[in-house]
Amino acid sequence: ETLGKSAFAYCSALQEINLSSLISVIPEGAFMSCTSLQSVTLPANTQSIEPQAFYSCTALSEIRLPEHVKNIGQSAFAYCSSLENVVLNNNLTEIPAYCFDGCTKLKNINLNQGIEAIGDGAFLYCRNLEAITFSENLKTIGSRAFESCNRLKTITLPSQVEFVGA
């Protein structure tokens, strides 16, 4: 089974999603601007969340990535302004560009040990982000990755970091 690109985009009354276990890819823009979406249960076998899949789902407060998710697309959760809790899995190696841009209620993020790269603007305008725990394997932090994270108090970069964007 597959979902089409932007299949449920702009369904402003949609509040809950429970997907079939046969769905392994959440396509680009699948639930973009579903502004009433509060709850998402991703199938355990989900492998990829494509760009802007949940872009501007302004009522979404939590996302838990199943263990099989290996790829998240650019801006997948951007402007989910109610997003407070993100649970990443151990198979991710990158937080892509603008992934959590504009998630203004996000307070804490724990990057698992597999995360090697944080893309440009990944946490841009996460104004309430207070704490971030970096992976010891982190090598790259993109430009503007934490720009306008006004409440971020302390960071400790792992010794393996090779590049921090300008």
Side-chain angles (χ1 to χ4, degrees), residues 2-3 5 17-32 34 37 39-57 60-126 128-147 149 152 155-165:
T2 60
L3 287 176
K5 181 178 174 181
I17 300 169
N18 290 299
L19 296 172
S20 161
S21 62
L22 300 176
I23 302 286
S24 62
V25 175
I26 310 301
E28 184 174 347
F31 301 99
M32 177 190 286
C34 291
L37 184 61
S39 175
V40 175
T41 303
L42 296 172
N45 65 323
T46 304
Q47 295 177 12
S48 180
I49 298 172
E50 300 297 313
Q52 299 180 330
F54 295 96
Y55 184 95
S56 198
C57 290
L60 187 63
S61 63
E62 178 179 74
I63 192 73
R64 293 179 176 273
L65 297 184
E67 281 302 312
H68 293 289
V69 174
K70 294 178 184 166
N71 176 58
I72 303 175
Q74 182 170 320
S75 301
F77 300 100
Y79 298 99
C80 291
S81 55
S82 295
L83 192 62
E84 292 181 38
N85 190 29
V86 175
V87 179
L88 301 174
N89 68 34
N90 292 319
N91 290 315
L92 286 176
T93 59
E94 176 184 13
I95 303 297
Y98 307 100
C99 188
F100 298 103
D101 177 9
C103 293
T104 55
K105 287 195 178 176
L106 188 61
K107 287 187 178 183
N108 302 296
I109 189 88
N110 187 0
L111 301 178
N112 66 57
Q113 291 306 307
I115 299 293
E116 296 177 2
I118 298 172
D120 293 347
F123 296 95
L124 183 68
Y125 300 114
C126 291
N128 285 304
L129 188 64
E130 295 175 356
I132 184 160
T133 303
F134 292 109
S135 157
E136 286 300 318
N137 295 314
L138 184 66
K139 294 182 174 92
T140 303
I141 298 174
S143 298
R144 303 176 69 204
F146 297 96
E147 182 179 311
C149 292
L152 193 58
I155 60 166
T156 303
L157 293 178
S159 60
Q160 291 83 350
V161 172
E162 299 166 358
F163 176 81
V164 176

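Atoms considered below: every heavy atom in the structure, side chains included; atoms not considered: hydrogens, waters and symmetry mates.
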Is the backbone of Thr104 close enough, under 3.5 Å, to the side chain of Asn128 for a donor and an acceptor to pair up by distance? yes
For Ser135 and Ile115, indicate whether the former's side chain and the latter's backbone hold a donor-acceptor pair under 3.5 Å. yes
Ser48 and Glu50 side chains, donor-acceptor separation under 3.5 Å: yes
Residue pair Ile49 / Leu42, side-chain heavy-atom distance below 4.5 Å: yes
From SG (Cys149) to CD (Glu130), nearest 0.5 Å: 11.5 Å
Hey, does Phe123 have a side-chain heavy atom less than 4.5 Å from the side chain of Ile118? yes
Residues 18-31, side-chain donor-acceptor partners within the protein, below 3.5 Å, at least two apart:
unit_1: Asn18; atom_1: OD1; unit_2: Thr41; atom_2: OG1; d: 3.2
unit_1: Asn18; atom_1: ND2; unit_2: Glu16; atom_2: OE2; d: 2.9
unit_1: Ser20; atom_1: OG; unit_2: Leu22; atom_2: N; d: 3.0

Check the orientation of Phe134 and Phe146. Use parallel for under 30°, tilted for 30 to 60°, and perpendicular for over 60°. perpendicular
Quick check, are the ring centers of Phe77 and Tyr55 under 6.0 angstrom apart? no
Got Cys103 and Cys126 here, is their nearest side-chain heavy-atom distance under 4.5 Å? yes
Quick check: do Leu65 and Leu92 have side-chain heavy atoms less than 4.5 Å from each other? yes
Without swapping roles, check the side chain of Gln113 against the backbone of Glu136 for a donor-acceptor pair under 3.5 Å. yes
Verify, without hydrogens or angle tests, whether Asn91 (side chain) and Val69 (backbone) share a donor-acceptor contact under 3.5 angstrom. no
Holding to side chain to side chain donor-acceptor pair (under 3.5 Å), I want the full list of residues that pass it with Asn108, two or more places apart in sequence or in another chain. none
Check: Thr133 and Ile109 side chains under 4.5 Å, non-hydrogen atoms: no
Would you check if Arg64 and Leu88 make a side-chain contact, meaning some heavy-atom pair closer than 4.5 Å? no
